[in-house]
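One structure below.
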Amino acid sequence: MTTNAQEFARAREAMPGGVNSPVRAFGSVHETPRFFVAAAGAYVTDVEGREYVDLVGSWGPAILGHAHPAVVEAVQDAAAHGLGFGASTPGETELAELIAARVSRDGEAKPVERVRLVSTGTEATMTAIRLARGATGRDLIVKFAGHYHGHSDGLLAEAGSGVATLAMPGSAGVPAPIAAQTLVIPYNDLDAVREVFAARGDDIAAVIVEAAPANMGIVPPAQGFNAALADIAHEHGALLILDEVLTGFRVGPAGWYGIDPVPFSPDLITFGKVVGGGLPLAAIGGPAALMELLAPLGPVYQAGTLSGNPLAVAAGRATLDHLDAAAYARIDGAAATIAEAAASALSEAGVTHVVQRSGNLFSIQFAAEPPTDYETVKAQEAFRYPPFFRAMLAQGVSLPPSVFEAWFVSAAHDDGAVARIVEALPAAARAAAEAEPD
């Protein structure tokens, strides 16, 4: 039988850092990465045969639980008819219709009239920005420090998630003139938004924002922040791109758009993770007049050999079909129980912390006050997370291997799975309490 350490050593001989996505290397938690070979429901199993309760959920897509029978059946049926055709399929249209129908508010506001399917969240946000530039004839993009919108060149400045975990301000290989097209400002700061538009408003094509940020830990938008963003952008002839790659169809049937306390009007919305049901699929949606600027109807070019792949489309449709009110109730309930238990355990151990939530997404930050932006997130006592993580892993609970990530609960996290997590928390909290700065 192979071990995780042996697999990691072998992987490092074949792939940079032994991984195909940096956070998988477990570098920030000082642990050997786990190599998984099976998953079912709320559980994953590594190469050593050890089972863990999973709170990563493939970084969001496994919202129904791993290997949900209906999703697996849909993919198997699609595969039996061919893995891809390089041509259109009815399933693509059905998924696009399903996305558009779900994204509504109060049964009236429906910001998505047309959908373009792509393969990754990075591709979705990249396309949305190109579309915004094509629609406005402007070049500049405004983004917020700590928000992660994929790894395209112009969006890696002051990004969160993996870049934050690696303590990188951006990325080598991004030409300075490209980086200069992105204006980075503090999150939850409307004065900064107004200032940047006052100075460069005629040059700004769009503001891109995570609907409810989850790539620097959970940092909820201030009351009315998204609505104010839309108003300011529209006053200056710019667009608002709402990045729902993580929140879309996870925090509710219509994503964050459907539950934000203050209604607002985004121009483009990007989706990923849940919308592909665990296979590579993402999407951009918006009004017909804007979306039809995309080729073949308009001058903004975008294409993809595997866009709308029939297996990914089948997984996405099956996932959305089974995300009903009962599923969301189970997810919300389990998330609330785990979040409250984590807070209680840390308080009992005397660890300074906050647990921030956006719907059923939550994360722990080791700070006295709730962080509101990237600077306050980075100021937390992040050194407490690695021992907390390792203690949970030792007890059979797989957490996100970074303090800058959200925890993902699924509809398969039943009472037994939740109990195992809750039972593991006190020892992990004590490990966090005993931690010392590196």
Side-chain angles (χ1 to χ4, degrees), residues 109 111-112 124-150 152-160 169-170 174-213 215-216 219 221-245 256-257 260 262-270 284-294 298-300 302 372-375:
V112 175
T125 56
M126 179 182 70
T127 301
I129 285 171
R130 183 179 300 166
L131 183 53
R133 286 172 167 153
T136 62
R138 303 172 178 180
D139 292 338
L140 298 185
I141 299 296
V142 175
K143 79 173 288 284
F144 295 96
H147 288 213
Y148 180 70
H149 305 289
S152 59
D153 282 357
L155 293 176
L156 277 178
E158 287 283 351
V174 177
I178 292 178
Q181 302 302 305
T182 302
L183 307 176
V184 184
I185 60 177
Y187 184 57
N188 272 329
D189 187 342
L190 288 176
D191 287 339
V193 178
R194 295 187 183 99
E195 277 183 37
V196 77
F197 270 98
R200 304 298 301 274
D202 291 343
D203 301 317
I204 295 171
V207 179
I208 185 168
V209 63
E210 286 189 60
N215 282 292
M216 51 180 172
V219 179
Q223 179 88 357
F225 183 77
N226 286 330
L229 274 188
D231 291 343
I232 295 168
H234 295 159
E235 285 169 11
H236 291 83
L239 305 183
L240 176 63
I241 301 170
L242 191 69
D243 184 343
E244 294 236 35
V245 168
W256 186 262
Y257 170 78
D260 193 298
V262 180
F264 66 105
S265 300
D267 298 287
L268 294 169
I269 307 178
T270 60
I284 313 102
L290 192 53
M291 291 295 294
E292 290 181 353
L293 293 175
L294 287 171
V300 179
Q302 183 277 329
T372 58
D373 59 17
Y374 197 30
E375 289 304 311

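Counting begins at 1 with the first residue of the sequence. Note that the coordinates shown come from a computational prediction; the quantities given were computed from them, not determined experimentally.
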inquiry  = Please list all pairs meeting salt bridge (charged side-chain N to carboxylate O under 4.0 Å, His left out) that have one or both residues in residues 234-243, counting only residues at least two apart or in different chains.
reply    =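 Sorted pair list comes back empty.
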Between [atom1] of [X] and [atom2] of [Y], what distance do you get to the nearest 0.5 Å?
X: T270; Y: M126; atom1: OG1; atom2: CE; value: 12.0 Å
X: L239; Y: I129; atom1: CG; atom2: CD1; value: 11.0 Å
X: H147; Y: T125; atom1: NE2; atom2: OG1; value: 13.5 Å
X: L240; Y: L229; atom1: CG; atom2: CG; value: 6.0 Å
X: R130; Y: L294; atom1: CZ; atom2: CG; value: 9.5 Å
X: K143; Y: Y187; atom1: NZ; atom2: OH; value: 12.0 Å

Closest non-hydrogen atom pair, [X] against [Y]:
X: I269; Y: E244; result: CG2-CG, 3.8 Å
X: I284; Y: A128; result: CG2-CB, 4.2 Å
X: P266; Y: L242; result: CB-CB, 3.9 Å
X: S265; Y: A230; result: O-CB, 3.8 Å
X: A145; Y: Y374; result: O-CB, 3.4 Å
X: P221; Y: W256; result: CG-CZ2, 3.9 Å

Could you list the donor-acceptor pairs under 3.5 angstrom formed by side chains in residues 132-139, with sequence neighbours left out?
unit_1	atom_1	unit_2	atom_2	d
R133	NE	D139	O	2.6
R133	NH2	D139	O	2.8
T136	OG1	A132	O	2.9
T136	OG1	R138	N	3.2
R138	NE	D202	O	3.2
R138	NH1	G201	O	3.1
R138	NH1	I204	O	2.9
R138	NH1	H236	O	2.7
R138	NH2	H236	O	3.0

Sequence neighbours excluded, which residues qualify as salt bridge (charged side-chain N to carboxylate O under 4.0 Å, His left out) partners of E292?
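Counting only residues at least two positions away or on another chain, E292 forms a salt bridge (charged side-chain N to carboxylate O under 4.0 Å, His left out) with R114.
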request  = For D231, check salt bridge (charged side-chain N to carboxylate O under 4.0 Å, His left out) against everything at least two apart and list the hits.
outcome  =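 With neighbours one apart ignored, the set is empty.
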Exercise. Yes or no on side chain to side chain contact (heavy atoms under 4.5 Å, CB included) for V219 and N188, after CA distance, side-chain angles and deciding distance?
Worked result: CA-CA 9 Å; V219 179; N188 272 329; 4.2 Å; yes
Heavy atoms, side chains only, cut-off 4.5 Å: are [X] and [Y] in contact?
X: V245; Y: E210; result: no
X: I241; Y: L131; result: no
X: F197; Y: V207; result: yes
X: F144; Y: I185; result: yes

Side chain to side chain contact (heavy atoms under 4.5 Å, CB included) between L190 and I232, worked out:
CA-CA 9 Å; L190 288 176; I232 295 168; 4.3 Å; yes
Non-neighbouring partners of D189 that pass side-chain hydrogen bond (donor to acceptor under 3.5 Å, both in side chains), sequence neighbours left out: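 With neighbours one apart ignored, the set is empty.
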Original post:
With sequence neighbours excluded, what pairs up with D267 under the side-chain hydrogen bond (donor to acceptor under 3.5 Å, both in side chains) test?
Top reply: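 So D267 forms a side-chain hydrogen bond (donor to acceptor under 3.5 Å, both in side chains) with H234.
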- Output, in order, the C-alpha distance, side-chain angles, deciding distance and verdict of side chain to side chain contact (heavy atoms under 4.5 Å, CB included) for N226 and V209. CA-CA 8 Å; N226 286 330; V209 63; 4.2 Å; yes
query: Can you check side chain to side chain contact (heavy atoms under 4.5 Å, CB included) on L268 and M291, steps first, answer last?
result: CA-CA 8 Å; L268 294 169; M291 291 295 294; 3.8 Å; yes
